[in-house]
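Numbering of residues begins at 1 and proceeds along the displayed sequence. When a ligand or atom number is given, it counts from 1 through the structure's own listing order.
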Amino acid sequence: MTYDELKKLDSEYYMKTFGTRLPVVFTGGSGAVLTDEGGKEYIDFLAGIAVNCLGYSDAGFEAALKNQMNTGVIHTCNYFYNEPQTRLAQLLCEKTGCDRVFFGNSGAEANECALKLAKKYAYGKGKNSSRFVALRKSFHGRTLLTLSATGQEKFHEPFRPTAYDFTYIDANDMNAAKSAVTADKCGVILEVIQGESGVLPLREEFVSLIRALCTEADVPLIIDEVQTGMGRTGRLLAQEHYGIRADIITLAKALGNGLPIGACLASGSFADAFGPGDHGSTFGGNPLACAAGLYVTEKIDGQMLSHVGNMGAYFQSQLELLMEKHPEIIVDVRGKGLLLGAELSEKADAHAVQRTLLKDGFVIGTAGVNTLRFAPPYIITQKQIDLLIETLDRLFQ
Ligand SMILES: *Cc1c(COP(=O)(O)O)cnc(C)c1O
């Protein structure tokens, strides 16, 4: 079907959540390059919003999925053990230093699980509280509870009352953290780099302070690594750049390289807070999604991480040079590894730049306030980065 045919049917049958979508339909892909219905190629700097970390047509990934398909078993349900689930749980714990995992199907479900686990831990301690601390400008998902954790009014308005009781504080506000993170809370949830709000990294002293306050209050620190995790920033977890470890960590986007899977990881006594019957998921941890996760988790080794770190540093330096050349258009460059943002002045519109680049054969994202978001597959090359920078340079003349 062509773009126009799809657009017409979608407007008739799909809920109106996405409005009119970008004017391309991708029908193929190889490496970091996507192809549309007419055979035109696009270098992908979005990766399905930080999901397709290995790019397209990765032979090992396809073989891992086919091997699982060939067993004939895509799903068993959690009455039964399944090997990919158990092996992925073990590998993630070994690589992150966490003690236990629960698998769901999305980032929102991973965060839902994390908040529920924190609530259960508080309940186990005899604490009668349903209060959490979250940051303004955060994004944690679209379910009612994760929407409530999301510190942005625009998401709450039609859906009040929000679930539970969230105290929102500004990122990097040390005094607000000191008064909010107290023993009467069930937990604190934050992203160390706020992705959806425009790739906004938290300051190190703020994250360290929250870590210390959580420990003191025996309240779990939940770090949402749904976008930043699985190597995106050049480390397996973005929190490693901060030299701290959360009690509960959530993963999703890159974990399945496109297969839907989310994970909630926990350490110490938090890992033991759920007992039989407390949580579950029909699809969560199914063999096919876990085979995908297992392949990705094995693939993200030291070599892959250093490639992400090197390409990220190069990309960021090129964006900074571009900002020096066009200071009236680019006002800030932020991020870590291959999660980068370039904030534009009022002289340019991020969505318009995104559309123009699409015509020129580049897929990029936008985020927050007038910010271009770049989250390419980890296999992106210096040459491909150069092509994007040259095109942006021409566009900003
Ligand atoms: C994308 C995202 C989510 C939500 O993930 P879904 O899979 O869309 O539910 C949650 N937290 C962060 C930080 C995200 O970037």
Side-chain angles (χ1 to χ4, degrees), residues 15 17-18 46-53 102-118 132-152 154-156 159 162-163 166 168 171 187-202 207 221-233 235-239 241-242 246 248-265 281 283-286 289 292-293 296 334-341 365-368 371 373-376:
M15 290 195 194
T17 45
F18 305 116
L46 182 61
I49 314 187
V51 169
N52 304 320
C53 59
F102 183 87
F103 293 122
N105 310 286
S106 66
E109 276 177 81
N111 286 332
E112 189 87 19
C113 176
L115 294 162
K116 196 173 158 185
L117 183 68
F132 288 87
V133 179
L135 302 190
R136 293 203 179 87
K137 298 189 180 174
S138 57
F139 183 83
H140 298 297
R142 302 286 198 157
T143 64
L144 283 170
L145 181 58
T146 57
L147 195 75
S148 306
T150 295
Q152 300 186 60
K154 66 176 181 194
F155 288 112
H156 298 165
F159 302 109
T162 50
F166 283 85
Y168 307 106
V188 179
I189 184 166
L190 56 83
E191 307 148 84
V192 289
I193 301 174
Q194 298 183 308
E196 295 303 307
S197 298
V199 192
L200 306 165
L202 298 186
V207 177
L221 171 57
I222 303 166
I223 298 192
D224 176 349
E225 296 247 18
V226 167
Q227 186 155 168
T228 54
M230 297 312 291
R232 172 59 53 195
T233 67
R235 297 283 187 88
L236 187 66
L237 301 173
Q239 61 198 267
H241 296 289
Y242 291 79
I248 304 175
I249 298 166
T250 56
L251 298 169
K253 289 189 165 88
L255 179 56
N257 191 42
L259 264 281
I261 181 169
C264 172
L265 293 85
S281 169
F283 294 124
N286 95 57
V296 171
R334 304 181 284 261
K336 198 96 197 161
L338 288 173
L339 179 60
L340 297 172
T366 60
T371 301
R373 171 171 40 175
F374 307 101

Can a donor-acceptor pair be found between the side chains of [X] and [Y] at a distance below 3.5 Å?
X    : Y    : answer
N52  : N257 : no
N111 : T146 : no
E191 : Q227 : no
H156 : S148 : no

Heavy-atom contacts under 4.0 Å between [X] and ligand 1: side chain, backbone, both, or neither?
X    : value
T228 : neither
A252 : neither
K253 : side chain
E191 : side chain

**Study point:** Within-cut-off N or O pair, F139 and ligand 1, under 3.5 Å
**Key:**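 By distance alone, the answer is yes.
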
Give the atoms of ligand 1, by number and element, whose distance to some non-hydrogen atom of [X] is under 4.0 Å.
X    : answer
S106 : 7 (O), 9 (O)
N111 : 10 (C), 11 (N)
A108 : 4 (C), 5 (O), 6 (P), 9 (O)

Check your understanding: For the side chain of R334 and the backbone of V199, is there at least one donor-acceptor N/O pair under 3.5 Å apart?
Key ->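 Yes; judged by distance alone, with no hydrogens or angles, the pair exists.
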
Check your understanding: Which residue and non-hydrogen atom of the protein lie closest to atom 6 (P) of ligand 1, and at what distance in Å?
Key ->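 Result: G107 N, 3.5 Å.
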
Review point. In terms of residue, atom name and distance, what is the protein heavy atom nearest to atom 11 (N) of ligand 1?
Key: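 It is D224 OD2, 2.7 Å.
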
**Study point:** Test salt bridge (Lys or Arg N to Asp or Glu O under 4.0 Å) applied to R373 and E196, step by step
**Key:** CA-CA 9 Å; R373 171 171 40 175; E196 295 303 307; 2.8 Å; yes

Exercise for review: For atom 8 (O) of ligand 1, decide whether some protein heavy-atom distance is shorter than 4.0 Å.
Suggested key: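 Within 4.0 Å: no protein heavy atom nearby.
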
Point to revise | Heavy-atom side-chain proximity of V226 to F139 below 4.5 angstrom | key: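 Of all side-chain heavy-atom pairs linking F139 with V226, none is under 4.5 Å.
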
Review point. What closest approach, in Å, do D224 and T228 show between heavy atoms, and which atom pair accounts for it?
Key: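 So the two residues come closest at O-OG1, 4.1 Å.
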
